[in-house]
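For reference, positions follow the sequence shown, starting with 1.
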Amino acid sequence: MLVLLLAGTTAFSQNIATDTSAQVIAWWRKGEVKNLVISKTTEKKDNGKVVQRTSGSYGATITVIDSTAEGYTLQWQYHYKAAAGQTELQVYEKMLDELKVIYKTSDVGDFEEVVNFNEMRLFIDKTIGELKKSIRDTAALNAIMPQVQQ
């Protein structure tokens, strides 16, 4: 009994969390689909009292395109819904629904490469064009756009 007690107090079963992230190794099968919902709430405080609270969320669908002993090919597709009253963000809903990121990982989930880089580059160029149309401060836009496009 003493040996079991000593073994149990010195054994390690997980990494020690140093922040709020979590390490996940998924053993997925080809064709498997996972739906995620990511939510964020922001509070603005004045003298310790919450004076404004905004929240938003978006979804992501992860589809396993291929699964081998060496790793995975995954498709990540966003689903964004602008919060009530955020009409200026509704234009991004459709754009983000069109964004599909296909990437490869190792067998333990380490990122290896983006498979559809050229399609993503075209999507980003299109998105930048749409942003140019929706931003009213053209002087500021013209000042930062060359850096964004690079």
Margin query: Just so I know, are the side chains of Ser106 and Glu70 near enough to count as touching, which here means a heavy-atom distance under 4.5 Å?
Written below: no
Closest non-hydrogen atoms of Lys100 and Met120, given as atom of the first, atom of the second and distance, are O-CG, 4.1 Å
query = Is it true that Ile102 and Leu74 fall in one hydrophobic cluster, defined by side-chain heavy atoms closer than 4.5 Å?
reply = no
Rounded to the nearest 0.5 Å, the CZ atom of Arg121 sits from the NZ atom of Lys126 at a distance of 14.5 Å
Using a strict 4.0 Å threshold on nitrogen-to-oxygen distance, state whether Lys34 and Glu32 make a salt bridge. yes
Worksheet entry | Verdict with supporting geometry, Lys45 and Val50, side chain to side chain contact (heavy atoms under 4.5 Å, CB included) | CA-CA 4 Å; Lys45 295 183 178 184; Val50 177; 3.9 Å; yes
Closest non-hydrogen contact found for His79 with Thr61 is NE2-OG1, 2.9 Å
Value for CD (Gln52) from NZ (Lys44), rounded to nearest 0.5 Å, stands at 6.0 Å
Starting from Trp28, can I reach Tyr103 by hopping between I/L/V/M/F/W/Y residues whose side chains sit under 4.5 Å apart? yes
Rounding to 0.5 Å, atoms CD (Glu119) and CG (Leu99) come to a distance of 11.5 Å
In terms of heavy-atom contacts, Lys30 and Ser67 come closest through N-CB, 3.6 Å
Please check this pair: side chain of Asp66 against backbone of Tyr72, looking for a donor-acceptor N/O pair closer than 3.5 Å. no
Check your understanding: Hey, any chance Val101 and Val37 share a hydrophobic cluster, counting ILVMFWY side chains that come within less than 4.5 Å of each other, even indirectly?
Key -> no
- prompt: Taking Thr63 for the side chain and Ile65 for the main chain, is one N or O donor matched with an acceptor at less than 3.5 Å?
  reply: no
Consider only side-chain heavy atoms of I, L, V, M, F, W and Y, link residues closer than 4.5 Å, and tell whether Phe111 and Trp76 are in one cluster.
yes
Same apolar cluster (I L V M F W Y, side chains within < 4.5 Å links), Phe117/Ile124: yes
| message | Tell me whether Asn35 contacts the main-chain N or O of Ile62 through its side chain, where contact means a donor paired with an acceptor under 3.5 Å. | response | no
Those residues at least two apart in sequence (or on a different chain) that pass salt bridge (Lys or Arg N to Asp or Glu O under 4.0 Å) with Arg53 are Glu43
Check: Asn116 and Val114 side chains under 4.5 Å, non-hydrogen atoms: yes
